[in-house]
Trainee: 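Once you've had a glance at the structure underneath, I'll fire off some questions.
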Amino acid sequence: MDLIQQLTKGVISGVQELYGEAPDSGKVSLSVTRKEFEGDYTVVVFPFTKLAKKKPEQIGEELGQYMVNNLPNVSAFNVIKGFLNLSVEDAYWINYLNSISKQEHCYGKQAINGRKIMVEFSSPNTNKPLHLGHIRNILLGWSTSKIYEAAGYEVQKVQIVNDRGIAICRSMVAWQEFGNGETPESTGMKGDHFVGKYYVKFAKEFGEEYKEWQFSKQAEQAYATKKKEGQSEEDFFKAYKNDYFNEYSVLGKKAKDMLLQWEANDPAVRTLWKKMNSWVLGGFDKTYDSLGVEFDKLYFESDTYLLGKELIQKGLEMEVLYQEDKRVWTDLENIGLAKKTIIKSDGTSTYTSQDLGTAQMRYQDYGAEKVVYVVGDEQISHFQGVFEILKRLKEPYAEGLYHLAYGMVDLPTGRMKSREGTVVDADDLVAEVIEEAKKGMVQRGEIADLPTAKQAALFKTIGLGALKYFILKVNPRKRMVFNPQESVDLQGDTGPYIQYAYVRCKGVAKKAQEVNMSLAKGYAALEPQEKVVIIQLFQFPATIQEAAKDYDPSLVASYCYDLAKLYSKFYNDMPILKAESAPAQAFRLLLSKVVANTLSTGMDLLGIEMPERM
RNA sequence: GGUCCCGUAGCUCAGCUGGAUAGAGCAGCUGACUUCUAAUCAGCAGGCCUCAGGUUCGAAUCCUGACGGGAUCACCA
């Protein structure tokens with residue numbers, strides 16, 4: 001039985017025996033003792049005062065005595081005000097360390113439980129390269145997948161590629177008009193950047209066209225007839241851009257025509273579309289590869305956007321949906337949302353109907369009991385709506401759907417804006433953090449003796465470690481500020497700090513020769529710096545469980561940081577190789593080994609690799 | 001305006017299933033490398049936990065209401 005359960009049970013039976021009534025297990029508050037007090041675990045006795053009709057101090061004394069007498073692992077206690085501090089036998093911790101050392105890299109992970117979960121993340125549009133916002137999405141999705149794997153699930157990682165629609169048509173038109181047949185190969189550009197260039201080109205050309213048009217008679221007329229009261233010419237034209245695109249623009253018409261031709265399956269358009277998409281996807285693959293992520297399956301919006309008909313029919317029959325003025329609607333007022341169009345009056349699909357259909361299809365494909373959608377928090381109500389409709393349709397998978405909504409990534413100067421060119425490109429960022437790691441490492445000179453290829457691999461490990469940790473340590477729910485300078489910091493609460501602790505563990509292990517590890521069992525009296533490390537190790541499995549339950553990788557990040565910090569302190573204070581006795585040396589080496597394994601398992605859950613040297 | 005999220009040190013963030021004197025990192029200052037890698041460790045300084053009520057033996061944490069910031073309220077995705 002788990003130590004925590006043991007102590008909790010002990011408290012319950014103690015209170016029952018002493019005062020004649022058992023408290024609810026919910027009233028037993030057991031936490032790690034604050035470091036300024038003696039003891040390992042603290043029980044708050046205030047909740048028992050009513051039951052016992054005694055003063056907290058007295059209850060503490062009596063209960064403490066009971067615990068020491070009746071629980072094999074409790075060696076001592078002390079009472080301060082209403083707090084009962086229990087000390088656990090050193091032998092228990094030493095045994096515990098021994099037992100988890102045998103689990104190697106399995107420690108903390110649950111056995112496979114046969115349950116399936118699907119995690120959808122990244123899900124980019126195929127008209128421009130990935131940026132910092134995608135990086136947060138990708139890291140969250142990847143880490144959530146790893147955490148669920150560790151929690152015993154079978155995980156399928158998927159993305160839905162938004163590969164159709166007017167946006168990609170803009171890039172296509174621009175390439176046709178201004179591209180002169182150049183390709184990623186001919187220019188040496190990465191495919192996604194190449195296509196993105198034409199997306200920007202379109203915006204620019206369109207902008208100029210629009211500006212020119214503003215001096216025309218048509219524009220004058222539009223302003224005269226459509227302006228709102230008191231609206232200045234400038235404000236009007238700012239707001240009118242979309243209408244201009246749809247009604248007057250030459251380029252806009254070309255893009256819209258292309259979309260129609262695409263929908264009509266025009267062979268030439270489809271060929272161009274496929275070509276440009278393959279360029280973009282090729283570019284994305286390189287970015288994913290540099291981030292160390294991969295997917296089990298890709299869904300394409302071009303295949304899924306017509307799905308959902310069957311569910312809509314079912315919805316109409318079940319009266320979950322209804323028909324009115326040629327559209328199909330649903331009423332979501334009971335969950336605080338407005339009525340929503342599910343099928344447009346021309347019979348075509350909407351975002352909602354697509355997501356309904358996709359959910360059903362994926363359930364048929366894979367049969368996951370849980371599906372996590374990693375999507376920005378601006379889409380919270382969309383997913384609330386989709387999930388609610390599926391629940392009303394009594395779809396078997398509806399209860400297991402979860403929207404992992406994360407906040408936007410801001411820069412110190414404020415929000416990223418493509419119009420102002422402040423969008424941080426994913427590839428640039430990755431290159432930058434690696435470069436920064438390189439600078440630091442070259443300066444330190446620790447790895448100068450390694451071959452160039454190995455050095456380059458280490459630069460990447462450290463640089464990406466810094467970037468990933470920087471992003472994942474923040475609670476996903478929160479909007480976060482991304483400071484490029486701080487993200488490449490290598491000191492303090494950072495990925496490299498944790499990697500460094502790992503390198504130290506490995507370093508002492510390497511230097512220790514022929515140590516009989518079984519001597520560790522003979523180590524008798526734990527130093528405080530040693531005990532706190534073991535207690536932290538003890539929390540690891542529970543941390544993973546909690547991170548899975550909350551869909552929150554930041555819990556794992558701060559766990560790893562805390563462990564690294566405690567180990568660093570221990571490393572600083574205690575001699576390992578020159579320990580005072582053979583058992584002490586064996587024990588400390590064993591501790592270092594388990595810390596290394598745990599840090600490496602934990603950081604792997606964040607998608608961060610560990611270096612052997614740095 | 002309705003709904004949802006956020007508000008903790010100069011900055012970036014932990015802590016939020018109620019518990020002891022609210023924690024880290026960065027930035028600032030001070031100490032520790034002839035000893036397992038100092039990307040480290042130790043210390044100083046820095047707080048009306050946005051505000052006001054309420055519940056409680058006890059509130060940063062729960063409830064209500066303000067205030068500030070953000071998101072969202074399309075036949076777009």
Side-chain angles (χ1 to χ4, degrees), chain A residues 26 29 31 33-34 36-37 42-47 49-50 56 80-83 85 123 125 162 164-167 242 301 305 325-329 335-338 340-352 354-355 376-382 384 405 407-408 410 412 415 437 440-441 443-444 446 462 466 470 473-475 477-483 485-487 489-501 503-512 554-555 557-558 561-562 564-565 568-579 585 588-589 592 613-614:
Chain A
S29 141
S31 51
T33 303
R34 300 175 64 123
E36 58 268 38
F37 300 103
T42 297
V43 180
V44 184
V45 301
F46 287 110
T49 48
K50 262 189 193 152
I80 297 167
K81 294 196 272 181
F83 301 91
N85 301 318
S123 304
N125 297 320
N162 299 305
R164 71 160 206 121
I166 195 74
N242 243 344
E301 197 203 342
Y305 80 110
D325 54 86
K326 291 187 180 166
R327 303 191 224 171
V328 176
W329 293 83
I335 57 164
L337 298 175
K340 228 170 162 54
T341 303
I342 309 297
I343 294 293
K344 296 183 220 165
S345 51
D346 63 4
T348 58
S349 62
T350 61
Y351 187 29
T352 308
Q354 283 177 49
D355 267 358
D377 62 7
E378 70 277 5
Q379 294 194 32
I380 287 175
S381 42
H382 165 72
Q384 277 177 345
M408 197 165 281
D410 288 324
R415 196 170 168 165
M441 292 177 86
Q443 202 182 6
R444 283 164 54 85
E446 285 285 347
I462 308 299
F470 187 86
K473 74 173 174 176
V474 181
N475 185 319
R477 202 172 45 243
K478 280 189 163 175
R479 206 181 166 104
M480 68 175 285
V481 175
F482 183 86
N483 186 326
Q485 262 125 49
E486 282 175 24
S487 74
D489 267 354
L490 311 171
Q491 276 145 26
D493 184 4
T494 65
Y497 173 91
I498 300 167
Q499 290 172 323
Y500 185 65
V503 167
R504 283 175 145 182
C505 294
K506 287 294 183 185
V508 283
K510 221 174 285 168
K511 292 212 169 160
S554 73
L555 297 175
S558 51
Y561 177 64
D562 289 341
K565 207 165 145 63
S568 294
K569 166 85 173 143
F570 155 79
Y571 182 93
N572 234 271
D573 291 358
M574 299 284 145
I576 299 171
L577 297 174
K578 294 181 182 163
Q585 189 197 48
R588 286 174 197 158
L589 282 168
S592 300
R613 289 175 54 185
M614 64 191 283

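As the structure is a computational prediction, the values presented were derived from the model and not from experiment. Letters go in sequence order (proteins before strands), and every chain restarts at 1.
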Trainee: Between C1' on B:C13 and OH on A:Tyr497, what's the gap in Å once rounded to a whole number?
Mentor: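 Taking OH of A:Tyr497 and C1' of B:C13, I get 16 Å after rounding.
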Trainee: CD1 of A:Ile80 versus P of B:U21: gap in Å, rounded?
Mentor: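 Result: 11 Å.
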Trainee: For A:Lys506, what residues pass the salt bridge (charged side-chain N to carboxylate O under 4.0 Å, His left out) criterion, not counting sequence neighbours?
Mentor: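 A:Lys506: no salt bridge (charged side-chain N to carboxylate O under 4.0 Å, His left out) contacts found.
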Trainee: As a test of reading the structure: which of B:A14, B:U12, B:U40 is closest to the side chain of A:Ser568, going by heavy atoms?
Mentor: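 Minimum distance to the A:Ser568 side chain belongs to B:U40.
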Trainee: Can you confirm whether A:Lys344 is buried at NZ, in the sense that more than 12 heavy atoms of other residues, nucleotides or ligands lie under 6.0 Å from that atom?
Mentor: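 Yes, the 6.0 Å shell around NZ holds more than 12 heavy atoms from other groups.
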Trainee: Of all residues at least two apart in sequence or in a different chain, which pass the side chain to side chain contact (heavy atoms under 4.5 Å, CB included) check with A:Asp562?
Mentor: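 Result, side chain to side chain contact (heavy atoms under 4.5 Å, CB included) vs A:Asp562: A:Gln536.
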Trainee: When you compare B:G65 with B:A22, how far apart are their C1' atoms, in angstrom units rounded to a whole number?
Mentor: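 Those two atoms are separated by 25 Å.
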Trainee: For A:Gln485 and B:U12, give me the distance from atom CD to atom P, rounded to whole Å.
Mentor: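 Taking CD of A:Gln485 and P of B:U12, I get 14 Å after rounding.
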Trainee: What one-letter contact string describes nucleotides 22-36 of chain B from 5' to 3', where B marks a base within less than 4.0 Å of any protein heavy atom, S marks contact via sugar-phosphate atoms alone, and - marks no contact?
Mentor: -SSSS--------SB
Trainee: Rounding to a whole Å, what distance do you find between A:Asn162:CG and B:C76:C1'?
Mentor: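 Distance check: A:Asn162 CG to B:C76 C1' gives 12 Å.
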Trainee: When all nucleic acid strands are considered with a 4.0 Å heavy-atom cut-off, which category describes A:Ser554: base, sugar-phosphate, or nothing?
Mentor: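 The residue A:Ser554 makes no contact with any strand.
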Trainee: Determine the Euclidean distance between corresponding P atoms of B:G58 and B:C73; express it in Å to zero decimal places.
Mentor: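 Roughly 45 Å separates the two P atoms.
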Trainee: Check the distance between B:A38's C1' and A:Leu490's CG and give it to me in whole angstrom.
Mentor: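 To the nearest whole Å, that distance equals 14 Å.
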Trainee: How would you label the contact of A:Val474 with the nucleic acid (heavy atoms, under 4.0 Å): base, sugar-phosphate, or nothing?
Mentor: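 Sugar-phosphate contact only - A:Val474 comes under 4.0 Å of backbone atoms but never of a base.
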Trainee: Which heavy atom in A:Pro56 sits nearest to a heavy atom in A:Phe46, and how many Å separate them?
Mentor: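 So the two residues come closest at CG-CE2, 3.9 Å.
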Trainee: By salt bridge (charged side-chain N to carboxylate O under 4.0 Å, His left out), which residues pair with A:Arg164, not counting sequence neighbours?
Mentor: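 Once residues adjacent in sequence are excluded, the partners of A:Arg164 under the salt bridge (charged side-chain N to carboxylate O under 4.0 Å, His left out) criterion are A:Glu263, A:Glu301.
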Trainee: According to salt bridge (charged side-chain N to carboxylate O under 4.0 Å, His left out), who are the partners of A:Arg444, at least two apart in sequence or on a separate chain?
Mentor: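 By the salt bridge (charged side-chain N to carboxylate O under 4.0 Å, His left out) rule, A:Arg444 matches no residue at all.
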Trainee: Between B:A77 and B:U55, how far is it from one C1' atom to the other, in whole Å?
Mentor: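 Approximately 46 Å lies between the C1' atom of B:A77 and that of B:U55.
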Trainee: Can you give one letter per nucleotide of nucleotides 57-75 of chain B, 5' to 3': B if a protein heavy atom sits under 4.0 Å from the base, S if only from the sugar-phosphate, - if neither?
Mentor: B------------SSS--B
Trainee: Is any side-chain heavy atom of A:Met614 closer than 4.5 Å to one of A:Glu446?
Mentor: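 No. Closest side-chain heavy atoms not under 4.5 Å.
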Trainee: If you measure from the C1' atom in B:A60 to the same atom in B:C51, how many Å do you get, rounded?
Mentor: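 Approximately 14 Å lies between the C1' atom of B:A60 and that of B:C51.
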Trainee: Quickly work out the A:Asn475 CG to B:U12 C1' distance and round it to whole Å.
Mentor: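 One finds 14 Å between C1' of B:U12 and CG of A:Asn475, rounded.
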Trainee: Can you list the stems that RNA chain B is part of, where a stem is at least 3 pairs in a row, each Watson-Crick or G-U, with both distances below 3.5 Å?
Mentor: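 Detected stem regions: B:1-7 with B:67-73, B:10-13 with B:23-26, B:28-32 with B:40-44, B:50-54 with B:62-66.
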Trainee: Does B:U8 have its OP1 or OP2 closer than 4.0 Å to a side-chain nitrogen or oxygen of A:Lys478?
Mentor: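 No, no such contact exists.
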Trainee: Which residues satisfy the ring-ring contact (aromatic ring centres under 6.0 Å, His included) test with A:Tyr571, sequence neighbours excluded?
Mentor: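 Testing A:Tyr571 for ring-ring contact (aromatic ring centres under 6.0 Å, His included), a comparison that skips the adjacent residues, returns none.
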Trainee: Sequence neighbours left out, what passes salt bridge (charged side-chain N to carboxylate O under 4.0 Å, His left out) with A:Asp325? Give chain and number order.
Mentor: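 Result, salt bridge (charged side-chain N to carboxylate O under 4.0 Å, His left out) vs A:Asp325: A:Arg327.
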Trainee: Using the C1' atom as the reference point in each nucleotide, state the distance between B:A9 and B:U50 in Å, no decimals.
Mentor: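 About 15 Å, rounded to a whole number of Å.
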Trainee: Rounded to whole angstroms, how far apart are CD1 on A:Ile335 and P on B:G2?
Mentor: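 One finds 19 Å between P of B:G2 and CD1 of A:Ile335, rounded.
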Trainee: So what does A:Asn483 hit on the nucleic acid, given a heavy-atom distance under 4.0 Å: a base, only sugar-phosphate, or nothing?
Mentor: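 Nothing: the residue A:Asn483, judged by heavy atoms under 4.0 Å, touches no strand.
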Trainee: Do you know which two heavy atoms are closest between A:Gly407 and A:Asp377, and how far apart they sit?
Mentor: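 A:Gly407 and A:Asp377 have their closest heavy atoms at CA-OD2, 3.5 Å.
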Trainee: Contact class for A:Glu301 (heavy atom, under 4.0 Å): base, sugar-phosphate, or nothing?
Mentor: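 Counting heavy atoms under 4.0 Å across all strands, the contact made by A:Glu301 is with sugar-phosphate only.
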Trainee: Using the P atom on both, measure B:U8 against B:C49 and round to a whole Å.
Mentor: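 Pairwise P distance, B:U8 against B:C49, rounds to 11 Å.
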Trainee: Taking side chain to side chain contact (heavy atoms under 4.5 Å, CB included) as the definition, give me every residue that meets it alongside A:Ser592, ordered by chain and number, with sequence neighbours left out.
Mentor: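 Testing A:Ser592 for side chain to side chain contact (heavy atoms under 4.5 Å, CB included), a comparison that skips the adjacent residues, returns A:Cys505, A:Val508, A:Tyr567, A:Phe570, A:Ile576.
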Trainee: Work out how far the C1' atom of B:U56 is from that of B:G19, and round it to whole angstrom.
Mentor: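 Looking at atom C1' only, B:U56 and B:G19 are 12 Å apart.
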Trainee: Run the side-chain hydrogen bond (donor to acceptor under 3.5 Å, both in side chains) test against A:Lys473 and tell me which residues pass, sequence neighbours left out.
Mentor: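 With neighbours one apart ignored, the set is empty.
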Trainee: Expressed in angstrom and rounded to an integer, what is the separation of A:Met480 atom CE from B:G7 atom C1'?
Mentor: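 The distance from CE of A:Met480 to C1' of B:G7 comes to 17 Å, rounded to the nearest Å.
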Trainee: Going by the glycosidic torsion and a 90 degree boundary from 0, is the base of B:C26 oriented syn or anti?
Mentor: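 With its glycosidic angle more than 90° from zero, B:C26 counts as anti.
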Trainee: Applying side chain to side chain contact (heavy atoms under 4.5 Å, CB included), name anything that partners A:Leu337, two or more places apart in sequence or on another chain.
Mentor: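 Scan of A:Leu337 (side chain to side chain contact (heavy atoms under 4.5 Å, CB included), adjacent residues dropped) gives A:Leu332, A:Ile335, A:Ser381, A:Gln384.
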Trainee: If the C1' atom of B:G25 is compared with that of B:G15, how far apart are they to the nearest Å?
Mentor: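 Those two atoms are separated by 15 Å.
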